[in-house]
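Reviewing the structure listed below.
Sequence lines set the chain letters: A, B, ... in the order given, protein chains first and strands last, and positions in each chain run from 1. Please read these numbers as outputs of a predicted model, since none were measured by experiment.
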Number of protein chains: 2
Amino acid sequence: MIRIGIYGYGNLGRGIECALKQADDMELVAVFTRRSPDSVKILTEGVPVLHTSCAESMKDKIDVLVLCGGSATDLPEQTPALSLSFNVIDSFDTHAKIPEHFKNVDENAKKSGKVAVISSGWDPGMFSLMRLMSGAILPCGSDYTFWGKGVSQGHSDAIRRIDGVLDARQYTIPIDAALEAVRSGSNPALSTREKHKRECYVVAKEGADLKKIENEIIAMPNYFADYDTTVHFISMEELKKEHSSLPHGGFVIRSGKTGWQNENSHIVEYSLKLDSNPEFTASVIVAYARAVARLSSEGASGCKTVFDIPPAYLSPLSAEELRKNLL
Amino acid sequence: MIRIGIYGYGNLGRGIECALKQADDMELVAVFTRRSPDSVKILTEGVPVLHTSCAESMKDKIDVLVLCGGSATDLPEQTPALSLSFNVIDSFDTHAKIPEHFKNVDENAKKSGKVAVISSGWDPGMFSLMRLMSGAILPCGSDYTFWGKGVSQGHSDAIRRIDGVLDARQYTIPIDAALEAVRSGSNPALSTREKHKRECYVVAKEGADLKKIENEIIAMPNYFADYDTTVHFISMEELKKEHSSLPHGGFVIRSGKTGWQNENSHIVEYSLKLDSNPEFTASVIVAYARAVARLSSEGASGCKTVFDIPPAYLSPLSAEELRKNLL
């Protein structure tokens with residue numbers, strides 16, 4: 001049995017807990033929280049909730065520690081620090097800062113002889129793998145990544161920070177015409193506005209200036225200014241009833257040419273349609289946590305990403321079973 | 001530069017040659033054929049065509065030998081034999097015999113200290129990888145593989161063996177209603193007949209009994225009896241004009257549940273739409289040939305499959321470049 005600790009118990013931590021319930025070769029041994037442990041109720045019976053300050057004392061009882069903090073401030077500190085004592089895995093998703101994060105984690109994990117996997121999940125993660133593999137197979141071609149339809153937490157948060165807004169949910173929606181153009185093999189050049197649109201459901205404070213809020217959203221640089229954005233004002237009741245889940249998904253499409261004169265077209269498409277973004281992300285992480293345990297038991301150390309891991313390591317099945325049943 | 005030899009020059013061998021033209025880090029150094037070398041014209045200027053009996057003499061000039069023979073009789077002999085002298089890669093696709101083929105190749109490759117990759121391509125190959133990875137991520141779920149729309153060579157050959165048939169082309173076509181049922185997340189149980197239909201374009205000899213040919217096709221066990229099959233009789237001219245290319249493709253879909261009570265559904269879909277089946281298969285093989293060269297240079301030996309190979313090894317880019325640009 002691979003003994004797992006969860007470090008941080010929000011949506012993602014709860015997703016890890018659910019995914020572990022489906023993994024016969026893994027068991028949850030502890031959940032760590034920065035909150036008062038008494039205030040945190042988990043789903044699994046008989047598993048202790050401990051303060052993060054106690055993690056160190058559990059280091060011999062945990063094979064892989066799954067870090068469920070945020071990429072903005074938690075993981076840049078936690079992953080390098082905890083890789084000094086644990087095999088760790090995170091879902092660090094600030095794409096531009098991955099090289100720096102990798103370096104920090106790799107140094108410490110090599111020092112401690114532990115294995116760390118960073119940036120697992122679906123983007124970065126499965127989508128990255130598809131970009132790599134499809135690009136290696138079809139070097140003469142173009143990559144397209146579309147996200148959604150799904151809730152973007154970052155964009156929802158950005159709306160919530162606007163004066164007069166009580167709560168908000170933002171959906172990123174790929175534009176069908178762009179998807180179809182890509183699938184046609186015509187290798188279109190697509191602007192940001194042509195690829196995705198944004199739909200916002202906003203609960204405003206009583207008496208707030210709705211037109212002002214709407215204008216502020218639509219004009220917000222980086223987040224909304226480059227997109228066609230629609231704003232709907234709804235009641236808190238409707239938000240809770242209709243927009244409380246966290247669906248997401250997306251598409252990675254490679255359109256490439258082969259043949260002596262590049263005369264043949266090929267489309268490779270990978271898509272996800274997810275009821276729960278944090279639960280699917282967690283399911284990917286748990287499969288890679290299995291790989292972390294195996295790499296560590298083989299004597300590996302240092303930081304790895306999804307690019308470095310043989311796919312067989314994700315599965316609880318033996319190499320013989322995989323070849324016989326899945327190849 | 002990775003020096004590549006092509007062993008067998010049919011549709012697949014020519015596809016390898018085209019894929020190598022797009023690979024800046026690889027070069028074709030020889031093509032081997034069982035035919036008279038004088039009778040074989042290849043596309044690349046300045047590369048020798050040699051008889052297969054000369055392969056052994058070239059073993060120090062080739063980093064990876066790509067075996068382009070058939071799975072029925074060529075590869076079961078050639079891959080084990082040639083792995084005694086070369087790093088090799090094949091696209092052995094008789095799923096039921098993969099364990100036996102693996103064992104034979106592994107023994108010899110370990111003896112010689114060479115690396116062999118078997119069963120690369122897209123099914124087995126990329127589709128196998130998707131089944132493995134999606135199943136490891138969503139253990140509570142079902143797998144669905146659909147093939148087509150595309151030309152099945154085995155089924156076309158089966159029709160050609162019928163008395164009175166001059167030539168034939170068979171298309172395997174996935175049934176839309178089945179695809180949609182799978183994508184809905186309902187985890188349907190689908191019969192063979194519900195998943196695919198078969199469409200046959202047949203050129204008959206003058207005066208042949210068309211009704212008899214049609215009945216023989218439709219009733220043929222294993223190949224057609226379990227499917228809804230349509231037979232069209234056409235002229236040789238039309239066959240050549242409309243049905244001379246070898247398109248193919250397909251879908252691997254995983255439908256799975258997550259959540260404490262399995263309350264959330266997820267769909268992971270990988271699909272291929274290929275103008276040329278042999279050229280895409282060849283493009284996959286060439287990416288894995290790169291991995292063979294790298295594994296060998298690291299001192300590995302023995303037989304591997306797509307399951308064993310870190311995805312980064314498929315790419316000519318460095319680990320740093322991959323993390324920076326594709327993760």
In terms of heavy-atom pairs under 4.5 Å with chain B, which of [options] leads?
options                      : answer
A:Ser315, A:Ala319, A:Ser271 : A:Ser271
A:Gly259, A:Ser265, A:Pro99  : A:Ser265
A:Pro311, A:Gly135, A:Ala287 : A:Pro311

State, to 0.1 Å, how close [X] and [Y] come at their nearest heavy-atom pair, and which atoms those are.
X        : Y        : value
B:Thr258 : A:Ser283 : CG2-OG, 3.5 Å
A:Leu327 : B:Pro124 : O-CB, 3.3 Å
B:Met133 : A:Leu129 : SD-CD1, 3.8 Å
B:Ala136 : A:Arg290 : O-NH1, 4.3 Å

### Query
Looking at OG of B:Ser134 and CG of A:Leu314, how far apart are the two atoms once the value is rounded to the nearest 0.5 Å?
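Interatomic distance, B:Ser134 OG to A:Leu314 CG, rounded to 0.5 Å: 10.5 Å.
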Segment of [X] engaging chain B (4.5 angstrom heavy-atom cut-off):
X        : value
A:Val252 : neither
A:Asp93  : neither
A:Val284 : both
A:Tyr270 : both

Chain A contact via [X] - side chain, backbone, both or neither, heavy atoms under 4.5 Å:
X        : result
B:Ile98  : side chain
B:Asn325 : neither
B:Val268 : both
B:Phe280 : both
B:Lys21  : side chain

#### Entry: A:Asn262 and B:Gln22: CA distance, side-chain angles, deciding distance, side chain to side chain contact (heavy atoms under 4.5 Å, CB included) verdict
CA-CA 10 Å; A:Asn262 289 347; B:Gln22 295 184 355; 3.0 Å; yes
Taking the side chain as everything from C-beta on, heavy atoms only, tell me whether [X] gets closer than 4.5 Å to [Y].
X        : Y        : result
A:Phe307 : B:Leu326 : yes
B:Thr44  : A:Trp260 : yes
B:Ile137 : A:Met126 : yes
A:Glu320 : B:Lys103 : no

### Query
Sub-3.5 Å donor-acceptor pair from the side chain of A:Lys273 to the main-chain atoms of B:Gly185, do we have one?
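No: the side chain of A:Lys273 does not pair with the backbone of B:Gly185.
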#### Entry: Sidechain-backbone polar pair: A:Glu279 side chain, B:His266 backbone, donor-acceptor under 3.5 Å
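No, A:Glu279 side chain to B:His266 backbone: no donor-acceptor pair under 3.5 Å.
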### Task
With B:Leu322 as reference, evaluate A:Thr305, A:Asp308, A:Leu132 under the side-chain contact (heavy atoms from CB on, under 4.5 Å) test and give the passing residue.
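By the side-chain contact (heavy atoms from CB on, under 4.5 Å) criterion, B:Leu322 pairs with just one of A:Thr305, A:Asp308, A:Leu132: A:Leu132.
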